[in-house]
K.L.:
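Let me give you the structure first, and then I'll get to my questions.
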2 protein chains.
Amino acid sequence: MSDPDQRSSAATSPSPALVKQSLRVWLKMLKATKHVEATVREKLRIEFDTTLPRFDVMAALYRFEEGLKMSELSSALRVSNGNVTGIIERLVADGAVLRVPVAGDKRAMLVRLTHKGREEFAKMAAAHQLWINEIFGSLSPDTTARLISMLDTIEHSQGLSPGEDQDA
Amino acid sequence: MSDPDQRSSAATSPSPALVKQSLRVWLKMLKATKHVEATVREKLRIEFDTTLPRFDVMAALYRFEEGLKMSELSSALRVSNGNVTGIIERLVADGAVLRVPVAGDKRAMLVRLTHKGREEFAKMAAAHQLWINEIFGSLSPDTTARLISMLDTIEHSQGLSPGEDQDA
DNA sequence: GAAAATAATTTCAAGTATGAAATTTCATGC
DNA sequence: GCATGAAATTTCATACTTGAAATTATTTTC
(Lines give C-alpha, C1' and ligand atoms only; values in the text may rest on other atoms or scores of the structure.)
Protein backbone atom coordinates (compact mmCIF):
# COMPACT_ATOMS: atom_id res chain seq x y z
CA MET A 1 0.00 0.00 0.00
CA SER A 2 1.31 3.41 -0.95
CA ASP A 3 -0.81 5.89 0.91
CA PRO A 4 -0.22 6.80 4.52
CA ASP A 5 -3.56 8.54 4.92
CA GLN A 6 -5.73 7.99 1.90
CA ARG A 7 -7.26 4.55 2.18
CA SER A 8 -9.06 2.84 5.00
CA SER A 9 -7.73 -0.44 6.21
CA ALA A 10 -8.47 -2.83 9.00
CA ALA A 11 -5.49 -1.51 10.94
CA THR A 12 -5.76 2.27 10.63
CA SER A 13 -9.02 3.98 11.35
CA PRO A 14 -10.19 5.95 8.30
CA SER A 15 -10.04 9.72 8.36
CA PRO A 16 -13.34 11.44 9.15
CA ALA A 17 -13.18 13.29 5.83
CA LEU A 18 -12.96 10.08 3.86
CA VAL A 19 -15.74 8.47 5.85
CA LYS A 20 -17.92 11.45 5.06
CA GLN A 21 -17.09 11.15 1.39
CA SER A 22 -18.08 7.49 1.44
CA LEU A 23 -21.36 8.47 2.99
CA ARG A 24 -21.89 11.18 0.41
CA VAL A 25 -21.37 8.89 -2.55
CA TRP A 26 -23.65 6.27 -1.03
CA LEU A 27 -26.46 8.74 -0.47
CA LYS A 28 -25.99 10.03 -3.99
CA MET A 29 -26.09 6.52 -5.38
CA LEU A 30 -29.21 5.74 -3.45
CA LYS A 31 -30.89 8.89 -4.64
CA ALA A 32 -30.01 8.31 -8.29
CA THR A 33 -31.18 4.71 -8.12
CA LYS A 34 -34.45 5.70 -6.50
CA HIS A 35 -34.94 8.30 -9.19
CA VAL A 36 -34.60 5.74 -11.96
CA GLU A 37 -36.72 3.21 -10.11
CA ALA A 38 -39.48 5.71 -9.52
CA THR A 39 -39.45 6.58 -13.20
CA VAL A 40 -39.74 2.96 -14.23
CA ARG A 41 -42.44 2.24 -11.65
CA GLU A 42 -44.56 5.13 -12.79
CA LYS A 43 -44.19 4.30 -16.48
CA LEU A 44 -45.04 0.65 -15.84
CA ARG A 45 -48.11 1.73 -13.95
CA ILE A 46 -49.27 4.34 -16.46
CA GLU A 47 -48.43 2.57 -19.70
CA PHE A 48 -48.91 -1.08 -18.76
CA ASP A 49 -50.91 -1.06 -15.54
CA THR A 50 -48.37 -3.26 -13.80
CA THR A 51 -45.72 -3.04 -11.11
CA LEU A 52 -41.96 -3.35 -10.88
CA PRO A 53 -41.98 -6.61 -8.88
CA ARG A 54 -44.23 -8.22 -11.48
CA PHE A 55 -41.98 -6.92 -14.23
CA ASP A 56 -38.93 -8.36 -12.49
CA VAL A 57 -40.53 -11.75 -12.09
CA MET A 58 -41.65 -11.81 -15.71
CA ALA A 59 -38.18 -10.78 -16.84
CA ALA A 60 -36.64 -13.73 -15.03
CA LEU A 61 -39.21 -16.13 -16.45
CA TYR A 62 -38.76 -14.69 -19.92
CA ARG A 63 -35.09 -15.56 -19.83
CA PHE A 64 -35.75 -19.12 -18.72
CA GLU A 65 -38.31 -20.34 -21.20
CA GLU A 66 -38.31 -23.81 -19.70
CA GLY A 67 -39.46 -22.32 -16.42
CA LEU A 68 -38.00 -21.88 -12.96
CA LYS A 69 -38.68 -23.45 -9.61
CA MET A 70 -40.02 -21.12 -6.95
CA SER A 71 -36.79 -21.31 -5.02
CA GLU A 72 -34.73 -20.61 -8.12
CA LEU A 73 -36.89 -17.60 -8.82
CA SER A 74 -36.58 -16.17 -5.36
CA SER A 75 -32.85 -16.60 -5.30
CA ALA A 76 -32.48 -15.14 -8.80
CA LEU A 77 -34.44 -12.06 -7.74
CA ARG A 78 -32.87 -12.00 -4.30
CA VAL A 79 -36.17 -11.77 -2.53
CA SER A 80 -37.72 -14.01 0.08
CA ASN A 81 -39.60 -17.19 -0.76
CA GLY A 82 -42.86 -15.99 0.70
CA ASN A 83 -42.70 -12.87 -1.37
CA VAL A 84 -42.46 -14.73 -4.65
CA THR A 85 -45.44 -16.88 -3.71
CA GLY A 86 -47.71 -13.85 -3.57
CA ILE A 87 -46.50 -12.25 -6.77
CA ILE A 88 -46.81 -15.49 -8.69
CA GLU A 89 -50.32 -16.01 -7.33
CA ARG A 90 -51.40 -12.72 -8.82
CA LEU A 91 -49.65 -13.37 -12.13
CA VAL A 92 -51.35 -16.75 -12.36
CA ALA A 93 -54.70 -15.14 -11.64
CA ASP A 94 -54.01 -12.74 -14.50
CA GLY A 95 -53.15 -15.56 -16.88
CA ALA A 96 -49.57 -14.43 -17.40
CA VAL A 97 -47.96 -17.33 -15.57
CA LEU A 98 -48.50 -21.07 -15.40
CA ARG A 99 -47.57 -23.47 -12.61
CA VAL A 100 -46.44 -26.93 -13.61
CA PRO A 101 -45.63 -29.73 -11.17
CA VAL A 102 -42.08 -31.01 -11.49
CA ALA A 103 -41.77 -34.57 -12.83
CA GLY A 104 -39.97 -36.52 -10.13
CA ASP A 105 -40.56 -34.20 -7.17
CA LYS A 106 -43.96 -33.57 -5.69
CA ARG A 107 -42.61 -30.75 -3.55
CA ALA A 108 -41.41 -28.50 -6.33
CA MET A 109 -43.32 -26.37 -8.81
CA LEU A 110 -42.09 -25.11 -12.13
CA VAL A 111 -43.29 -21.64 -12.99
CA ARG A 112 -43.30 -20.30 -16.52
CA LEU A 113 -44.82 -17.58 -18.65
CA THR A 114 -47.90 -18.34 -20.67
CA HIS A 115 -47.97 -17.31 -24.32
CA LYS A 116 -49.97 -14.27 -23.28
CA GLY A 117 -47.40 -13.52 -20.59
CA ARG A 118 -44.53 -13.73 -23.05
CA GLU A 119 -46.22 -11.39 -25.47
CA GLU A 120 -47.03 -8.88 -22.77
CA PHE A 121 -43.53 -8.95 -21.41
CA ALA A 122 -41.95 -8.50 -24.83
CA LYS A 123 -43.81 -5.25 -25.25
CA MET A 124 -42.92 -4.04 -21.78
CA ALA A 125 -39.28 -4.96 -22.17
CA ALA A 126 -38.98 -3.00 -25.40
CA ALA A 127 -40.48 0.09 -23.78
CA HIS A 128 -38.36 -0.41 -20.69
CA GLN A 129 -35.16 -0.38 -22.73
CA LEU A 130 -36.11 2.94 -24.22
CA TRP A 131 -36.91 4.49 -20.84
CA ILE A 132 -33.58 3.36 -19.48
CA ASN A 133 -31.80 4.64 -22.52
CA GLU A 134 -33.43 8.04 -22.11
CA ILE A 135 -31.74 8.26 -18.75
CA PHE A 136 -28.41 6.48 -19.21
CA GLY A 137 -27.94 7.51 -22.83
CA SER A 138 -26.64 10.81 -21.53
CA LEU A 139 -23.45 9.06 -20.42
CA SER A 140 -20.80 8.43 -23.05
CA PRO A 141 -19.91 4.79 -23.76
CA ASP A 142 -16.59 5.37 -22.10
CA THR A 143 -18.11 6.86 -18.97
CA THR A 144 -20.61 4.03 -18.87
CA ALA A 145 -17.81 1.49 -18.97
CA ARG A 146 -16.00 3.17 -16.11
CA LEU A 147 -19.21 3.37 -14.13
CA ILE A 148 -19.82 -0.33 -14.56
CA SER A 149 -16.36 -1.05 -13.27
CA MET A 150 -16.83 1.11 -10.18
CA LEU A 151 -20.15 -0.54 -9.44
CA ASP A 152 -18.47 -3.86 -9.76
CA THR A 153 -15.96 -2.88 -7.12
CA ILE A 154 -18.74 -1.81 -4.79
CA GLU A 155 -20.78 -4.93 -5.39
CA HIS A 156 -17.84 -7.12 -4.50
CA SER A 157 -16.87 -5.27 -1.37
CA GLN A 158 -17.39 -7.30 1.75
CA GLY A 159 -19.88 -6.09 4.35
CA LEU A 160 -22.00 -9.21 4.42
CA SER A 161 -21.21 -12.87 4.33
CA PRO A 162 -24.28 -14.69 2.98
CA GLY A 163 -25.46 -15.20 -0.58
CA GLU A 164 -22.09 -14.50 -2.11
CA ASP A 165 -23.62 -13.29 -5.35
CA GLN A 166 -24.07 -15.86 -8.01
CA ASP A 167 -25.16 -13.97 -11.11
CA ALA A 168 -28.84 -14.01 -12.11
CA MET B 1 -23.00 17.40 -31.35
CA SER B 2 -19.96 15.67 -32.72
CA ASP B 3 -20.85 12.02 -32.95
CA PRO B 4 -22.86 10.60 -35.83
CA ASP B 5 -23.63 7.33 -34.08
CA GLN B 6 -22.55 7.45 -30.49
CA ARG B 7 -25.20 9.34 -28.60
CA SER B 8 -28.93 8.94 -28.53
CA SER B 9 -31.06 11.93 -29.28
CA ALA B 10 -34.70 12.63 -29.77
CA ALA B 11 -34.20 12.65 -33.54
CA THR B 12 -32.05 9.56 -34.19
CA SER B 13 -33.01 6.25 -32.71
CA PRO B 14 -30.19 4.92 -30.51
CA SER B 15 -28.16 1.98 -31.71
CA PRO B 16 -29.17 -1.35 -30.20
CA ALA B 17 -25.67 -1.84 -28.83
CA LEU B 18 -25.80 1.42 -26.88
CA VAL B 19 -29.28 0.69 -25.61
CA LYS B 20 -28.01 -2.63 -24.32
CA GLN B 21 -25.12 -0.93 -22.60
CA SER B 22 -27.52 1.46 -20.91
CA LEU B 23 -29.52 -1.47 -19.68
CA ARG B 24 -26.39 -3.20 -18.46
CA VAL B 25 -25.21 -0.28 -16.41
CA TRP B 26 -28.66 0.22 -14.93
CA LEU B 27 -28.94 -3.40 -13.86
CA LYS B 28 -25.46 -3.22 -12.41
CA MET B 29 -26.31 -0.07 -10.52
CA LEU B 30 -29.47 -1.62 -9.18
CA LYS B 31 -27.63 -4.70 -8.06
CA ALA B 32 -24.87 -2.78 -6.33
CA THR B 33 -27.37 -0.54 -4.59
CA LYS B 34 -29.43 -3.49 -3.41
CA HIS B 35 -26.28 -5.12 -2.13
CA VAL B 36 -25.42 -2.13 0.01
CA GLU B 37 -29.01 -1.70 1.16
CA ALA B 38 -29.29 -5.33 2.14
CA THR B 39 -26.07 -5.03 4.12
CA VAL B 40 -27.33 -1.99 5.99
CA ARG B 41 -30.74 -3.53 6.61
CA GLU B 42 -29.27 -6.66 8.05
CA LYS B 43 -26.80 -4.82 10.27
CA LEU B 44 -29.52 -2.50 11.54
CA ARG B 45 -31.66 -5.51 12.34
CA ILE B 46 -28.91 -7.57 14.00
CA GLU B 47 -27.07 -4.84 15.86
CA PHE B 48 -29.88 -2.42 16.66
CA ASP B 49 -33.09 -4.35 16.16
CA THR B 50 -34.48 -1.70 13.85
CA THR B 51 -35.26 -1.17 10.18
CA LEU B 52 -34.02 1.03 7.36
CA PRO B 53 -37.22 3.09 7.09
CA ARG B 54 -37.07 3.84 10.79
CA PHE B 55 -33.42 4.76 10.47
CA ASP B 56 -34.20 7.09 7.58
CA VAL B 57 -36.95 8.83 9.51
CA MET B 58 -34.75 9.24 12.56
CA ALA B 59 -31.92 10.59 10.39
CA ALA B 60 -34.19 13.29 9.03
CA LEU B 61 -35.45 14.21 12.48
CA TYR B 62 -31.92 14.23 13.84
CA ARG B 63 -30.96 16.89 11.34
CA PHE B 64 -33.93 19.06 12.19
CA GLU B 65 -33.77 19.33 15.95
CA GLU B 66 -36.70 21.70 16.06
CA GLY B 67 -38.84 19.01 14.47
CA LEU B 68 -40.61 18.54 11.15
CA LYS B 69 -44.19 18.51 10.07
CA MET B 70 -45.48 15.21 8.74
CA SER B 71 -45.70 16.59 5.24
CA GLU B 72 -42.17 17.99 5.43
CA LEU B 73 -40.95 14.62 6.57
CA SER B 74 -42.63 12.70 3.80
CA SER B 75 -41.38 15.07 1.14
CA ALA B 76 -37.86 15.04 2.59
CA LEU B 77 -37.82 11.25 2.46
CA ARG B 78 -39.71 11.16 -0.82
CA VAL B 79 -42.26 8.70 0.44
CA SER B 80 -46.02 8.95 0.64
CA ASN B 81 -47.82 10.68 3.48
CA GLY B 82 -49.60 7.57 4.60
CA ASN B 83 -46.34 5.75 4.83
CA VAL B 84 -44.81 8.21 7.27
CA THR B 85 -47.88 8.04 9.49
CA GLY B 86 -47.31 4.37 10.19
CA ILE B 87 -43.59 4.61 10.79
CA ILE B 88 -44.00 7.54 13.16
CA GLU B 89 -46.74 5.70 15.05
CA ARG B 90 -44.33 2.89 15.80
CA LEU B 91 -41.50 5.23 16.72
CA VAL B 92 -43.80 7.08 19.11
CA ALA B 93 -44.87 3.79 20.67
CA ASP B 94 -41.19 3.02 21.22
CA GLY B 95 -40.55 6.36 22.85
CA ALA B 96 -38.11 7.53 20.19
CA VAL B 97 -40.33 10.23 18.75
CA LEU B 98 -42.65 12.87 20.13
CA ARG B 99 -45.61 14.52 18.44
CA VAL B 100 -46.25 18.17 19.24
CA PRO B 101 -49.22 20.17 17.98
CA VAL B 102 -48.21 23.21 15.93
CA ALA B 103 -48.98 26.55 17.53
CA GLY B 104 -51.23 28.33 15.07
CA ASP B 105 -52.47 25.38 13.03
CA LYS B 106 -54.64 22.67 14.47
CA ARG B 107 -54.18 20.49 11.39
CA ALA B 108 -50.43 20.13 11.54
CA MET B 109 -48.23 18.11 13.84
CA LEU B 110 -44.59 18.68 14.61
CA VAL B 111 -42.62 15.50 14.99
CA ARG B 112 -39.28 15.36 16.76
CA LEU B 113 -36.88 12.93 18.38
CA THR B 114 -37.03 12.41 22.11
CA HIS B 115 -33.81 12.52 24.08
CA LYS B 116 -33.80 8.74 24.02
CA GLY B 117 -34.36 8.81 20.26
CA ARG B 118 -31.45 11.19 19.72
CA GLU B 119 -29.12 9.04 21.76
CA GLU B 120 -30.16 5.88 19.98
CA PHE B 121 -29.76 7.46 16.58
CA ALA B 122 -26.34 8.86 17.38
CA LYS B 123 -25.09 5.35 18.05
CA MET B 124 -26.67 3.95 14.94
CA ALA B 125 -25.36 6.75 12.75
CA ALA B 126 -21.81 6.19 13.94
CA ALA B 127 -22.02 2.49 13.17
CA HIS B 128 -23.70 3.19 9.86
CA GLN B 129 -20.83 5.41 8.75
CA LEU B 130 -18.39 2.63 9.42
CA TRP B 131 -20.43 0.07 7.49
CA ILE B 132 -20.66 2.37 4.51
CA ASN B 133 -16.98 3.11 4.71
CA GLU B 134 -16.18 -0.59 4.71
CA ILE B 135 -17.85 -0.78 1.34
CA PHE B 136 -17.06 2.52 -0.34
CA GLY B 137 -13.66 2.94 1.23
CA SER B 138 -12.34 0.61 -1.43
CA LEU B 139 -12.74 3.41 -3.97
CA SER B 140 -10.03 6.04 -4.15
CA PRO B 141 -11.06 9.62 -3.36
CA ASP B 142 -10.60 10.46 -7.00
CA THR B 143 -12.75 7.60 -8.19
CA THR B 144 -15.37 8.52 -5.64
CA ALA B 145 -15.46 12.07 -6.94
CA ARG B 146 -15.94 10.87 -10.50
CA LEU B 147 -18.65 8.48 -9.39
CA ILE B 148 -20.53 11.26 -7.66
CA SER B 149 -20.40 13.31 -10.81
CA MET B 150 -21.76 10.47 -12.93
CA LEU B 151 -24.56 9.84 -10.50
CA ASP B 152 -25.38 13.50 -10.64
CA THR B 153 -25.77 13.29 -14.38
CA ILE B 154 -28.10 10.33 -14.04
CA GLU B 155 -30.13 11.91 -11.31
CA HIS B 156 -30.73 14.98 -13.43
CA SER B 157 -31.68 13.15 -16.56
CA GLN B 158 -35.28 13.65 -17.52
CA GLY B 159 -37.58 10.66 -17.66
CA LEU B 160 -40.23 12.01 -15.35
CA SER B 161 -41.88 15.35 -14.94
CA PRO B 162 -43.13 15.54 -11.33
CA GLY B 163 -41.26 16.35 -8.15
CA GLU B 164 -38.32 17.90 -9.94
CA ASP B 165 -35.93 17.07 -7.15
CA GLN B 166 -35.49 19.70 -4.55
CA ASP B 167 -32.69 18.56 -2.31
CA ALA B 168 -33.52 17.10 1.09
C1' DG C 1 -69.21 35.95 7.07
C1' DA C 2 -70.75 31.80 4.40
C1' DA C 3 -69.11 29.07 0.42
C1' DA C 4 -65.50 27.26 -2.01
C1' DA C 5 -60.92 26.15 -2.71
C1' DT C 6 -56.52 24.57 -0.20
C1' DA C 7 -53.77 22.36 3.04
C1' DA C 8 -52.29 18.74 6.51
C1' DT C 9 -53.15 14.34 8.03
C1' DT C 10 -55.15 9.92 8.50
C1' DT C 11 -57.53 6.06 6.76
C1' DC C 12 -58.02 2.57 3.46
C1' DA C 13 -57.29 -1.23 0.10
C1' DA C 14 -54.02 -3.57 -2.23
C1' DG C 15 -49.55 -5.08 -3.05
C1' DT C 16 -44.54 -5.87 -1.53
C1' DA C 17 -41.23 -7.55 1.59
C1' DT C 18 -39.08 -9.99 5.38
C1' DG C 19 -37.78 -13.80 8.50
C1' DA C 20 -39.63 -17.57 10.97
C1' DA C 21 -42.55 -21.42 11.59
C1' DA C 22 -45.19 -25.08 9.62
C1' DT C 23 -46.07 -28.55 5.90
C1' DT C 24 -45.15 -31.82 2.78
C1' DT C 25 -41.98 -34.57 0.36
C1' DC C 26 -37.57 -36.62 -0.55
C1' DA C 27 -33.13 -38.94 0.58
C1' DT C 28 -30.29 -41.62 3.74
C1' DG C 29 -28.49 -44.22 7.46
C1' DC C 30 -29.13 -47.85 9.95
C1' DG D 1 -38.67 -50.24 6.62
C1' DC D 2 -38.32 -46.53 9.48
C1' DA D 3 -36.37 -42.54 11.78
C1' DT D 4 -34.06 -38.49 10.80
C1' DG D 5 -32.59 -34.75 8.51
C1' DA D 6 -32.71 -31.91 4.45
C1' DA D 7 -35.26 -29.61 0.67
C1' DA D 8 -39.23 -26.96 -1.54
C1' DT D 9 -43.06 -24.37 -0.62
C1' DT D 10 -46.57 -22.10 1.85
C1' DT D 11 -48.34 -19.78 5.75
C1' DC D 12 -47.99 -16.39 9.13
C1' DA D 13 -47.17 -12.05 11.65
C1' DT D 14 -45.45 -7.81 10.99
C1' DA D 15 -43.89 -3.86 8.60
C1' DC D 16 -43.41 -0.93 4.58
C1' DT D 17 -45.30 1.32 0.42
C1' DT D 18 -48.34 3.44 -2.68
C1' DG D 19 -52.19 6.21 -4.54
C1' DA D 20 -56.69 7.55 -3.54
C1' DA D 21 -60.41 8.81 -0.60
C1' DA D 22 -61.91 10.84 3.60
C1' DT D 23 -61.42 14.13 7.48
C1' DT D 24 -60.57 18.22 9.63
C1' DA D 25 -58.82 22.79 9.71
C1' DT D 26 -57.36 27.05 7.31
C1' DT D 27 -57.62 30.58 3.79
C1' DT D 28 -59.70 32.97 0.08
C1' DT D 29 -63.35 35.01 -2.33
C1' DC D 30 -67.44 37.17 -3.12
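Below, all heavy atoms of this structure are taken into account, side chains as well, without hydrogens, waters or symmetry copies. We name chains A, B, ... by the order of the sequence lines, and we start the count at 1 in each one.
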K.L.:
By the 4.0 Å heavy-atom rule, please label G86(B) as base, sugar-phosphate, or nothing.
P.N.:
nothing

K.L.:
Starting from C1' on dA7(C), measure out to NZ on K106(B) and report it in whole angstrom.
P.N.:
16 Å

K.L.:
Donor-acceptor check, side chain of T114(A) to backbone of A96(A), threshold 3.5 angstrom: yes or no?
P.N.:
yes

K.L.:
What's the CZ-P distance between R45(A) and dG15(C), to the nearest Å?
P.N.:
14 Å

K.L.:
To the side chain of R107(B), which of dA7(C), dT16(C), dA17(C) is closest?
P.N.:
dA7(C)

K.L.:
Separation of L44(B) atom CG from dT18(C) atom P, in whole Å?
P.N.:
15 Å

K.L.:
Using whole Å, what does the distance between atom C1' of nucleotide dA13(C) and atom CG of N83(B) come to?
P.N.:
15 Å

K.L.:
Yes or no on salt bridge (charged side-chain N to carboxylate O under 4.0 Å, His left out) for E37(B) and R41(B), after CA distance, side-chain angles and deciding distance?
P.N.:
CA-CA 6 Å; E37(B) 258 201 25; R41(B) 269 180 210 281; 3.2 Å; yes

K.L.:
So, is T85(B) close to the dT11(C) phosphate, meaning a side-chain N or O under 4.0 Å from OP1 or OP2?
P.N.:
no

K.L.:
Describe the nucleic acid contact of L52(A) in one word from base, sugar-phosphate, nothing, applying a heavy-atom distance below 4.0 Å.
P.N.:
nothing

K.L.:
With a 4.0 angstrom cut-off to heavy atoms of chain B, pull out the first and last contacting nucleotide of DNA chain D, in 5'-to-3' order.
P.N.:
dA15(D) to dT26(D)

K.L.:
Rounded to whole angstroms, how far apart are CG on D94(A) and P on dA14(C)?
P.N.:
14 Å

K.L.:
State which of dA17(C), dT18(C), dA8(C) makes the closest approach to the side chain of S71(B).
P.N.:
dA8(C)

K.L.:
Donor-acceptor check, side chain of H156(A) to backbone of D152(A), threshold 3.5 angstrom: yes or no?
P.N.:
yes

K.L.:
Under a plain distance cut-off of 3.5 Å, with no hydrogens placed, do S71(A) and S74(A) share a side-chain donor-acceptor pair?
P.N.:
no

K.L.:
Figure out the CD1/C1' separation between I87(B) and dT9(C), and round it to whole Å.
P.N.:
15 Å

K.L.:
Could you tell me how far apart D105(B) (CG) and dA7(C) (P) are, to the nearest whole angstrom?
P.N.:
12 Å

K.L.:
Just wondering, more than 12 heavy atoms not from R118(A) lying within 6.0 Å of its CZ?
P.N.:
yes

K.L.:
Quickly work out the I88(B) CD1 to dA8(C) P distance and round it to whole Å.
P.N.:
17 Å

K.L.:
With ILVMFWY side chains joined below 4.5 Å, transitively, what does L110(B)'s cluster contain besides itself?
P.N.:
V100(B), V102(B)

K.L.:
Does K34(A) or G82(A) map to a spot on DNA chain D nearer the 5' end, using the closest nucleotide for each?
P.N.:
G82(A)

K.L.:
Has K28(B) got a side-chain atom pairing as donor or acceptor with L147(A)'s backbone, closer than 3.5 angstrom?
P.N.:
no

